[in-house]
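These notes are about the structure you will find just below.
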Amino acid sequence: MTMHTSKIVAFALLAIAAPLAAQAPPAKGNPKDTEVWTPEPKVVTPGATDAAPPSDAVVLFDGKNLDQWITVKDKSPAQWTVANGVMTVNKNGGGNIETKRSFKNYQLHIEWKVPENITGSDQARGNSGVFLASTGAGDAGYELQILDSYNNKTYVNGQAGSIYKQAIPLANPNRKPGEWQTYDVIWTAPKFNDDGSVKTPAYVTVIFNGVLVQDHYELKGETLYIGKPVYKKYDSAPIKLQAHGDKSEPISFRNIWVRDLP
Ligand code: MG
């Protein structure tokens, strides 16, 4: 076997083995048990929102490259697309990405866009997400949902601005597909005792297109697709962006920055 061939074989084996190693066993139960469909948050038309990074921000994406990001499952350089100052989910590019740096408490600004030609419905229409703390492989962590929720019915604890399957947004200020939207987030990380029990829970405040949608919400644990949320001890964690497995057109991001908080 030549050097070249052996590299290809090793890479192929890695590609097969990595997803297996990275996935927890599938949870048992019915995902519908944790969906809430009513009442629907009221629709609010947002005003303008603009937020260039302040002087003490850690810039995570300034439109140029993915230097601050890695692929979650194998820690290799992130493979999403960067063009015209925008990064776009690459659904064939290794999946979720996360920051190289880890964070505890912080303020985050992130802008995202649902493509104008979006198709699909319910959870399969522009699904992505910001994991405010990525505590492991796959979708482990605390997800602030991204979805096209402009005239797209889904369970309300899974629409844009929700803390996935935990906290229904206080309003629906979604813009139309094709328009940029903003999340400004204040994340207070949970604290844990040595034995792994919760000392203080996580809290999150989310302003969506300038409208408050989560008001110092006390999280019940990590956000799960199936089953009730539970906490899992961690110290500091990266911020993760989701490459959701649905077939709709991919979400784009720009102007991402964070400020560490004491
Ligand atoms: Mg999502």
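Values in this document were obtained by computation on a predicted structure and should not be read as measured data. For ligands, and for the atoms within them, numbers begin at 1 and follow the listed sequence. This chain uses plain numbering: 1 for the first residue, then up along the sequence.
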Decide whether a cation-pi geometry holds between Arg175 and Trp180; the criteria are a distance under 6.0 Å from NZ or CZ to the six-membered ring centre and an angle within 45° of the ring axis.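 No, Arg175 and Trp180 do not form such a contact.
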Side-chain atoms of residues 133-147: list all donor-acceptor pairs with protein atoms under 3.5 Å, sequence neighbours left out, distances to 0.1 Å.
unit_1	atom_1	unit_2	atom_2	d
Ser134	OG	Glu98	OE1	2.8
Ser134	OG	Lys240	NZ	3.2
Thr135	OG1	Gly141	N	3.4
Thr135	OG1	Glu222	OE1	3.3
Thr135	OG1	Glu222	OE2	2.7
Asp139	OD1	Asn96	ND2	3.0
Asp139	OD1	Gln242	NE2	3.4
Asp139	OD2	Gln242	NE2	3.1
Gln145	NE2	Gln123	OE1	3.0
Gln145	NE2	Gly158	O	3.3

Under 3.5 Å, which donor-acceptor pairs link side chains of residues 77-88 to any protein atom two or more places apart or in another chain?
unit_1	atom_1	unit_2	atom_2	d
Trp80	NE1	Gly95	O	3.0
Thr88	OG1	Ser252	OG	2.7

Between Phe253 and Trp69, is the ring centre distance below 6.0 Å?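 Not close enough - the centres of the two rings lie 6.0 Å or further apart.
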Pro53 and side chain to side chain contact (heavy atoms under 4.5 Å, CB included): which partner among Val58, Asn255, Leu60?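 When Val58, Asn255, Leu60 are each tested with Pro53, the side chain to side chain contact (heavy atoms under 4.5 Å, CB included) holds only for Asn255.
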Around the Mg ion (ligand 1), list the protein N/O/S atoms within a radius below 2.8 Å, excluding water molecules.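 For the Mg ion (ligand 1), the protein N, O and S atoms that sit under 2.8 Å away are Asn127 OD1, Ser128 O, Glu143 OE2, Gln145 OE1, Gln242 OE1.
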Give the other cluster members for Trp37, using side-chain heavy-atom distances under 4.5 Å between Ile, Leu, Val, Met, Phe, Trp and Tyr residues; answer none if it is isolated.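 Members other than Trp37 - counting any ILVMFWY side chain reachable under 4.5 Å - are Tyr155, Tyr164, Tyr225, Ile226.
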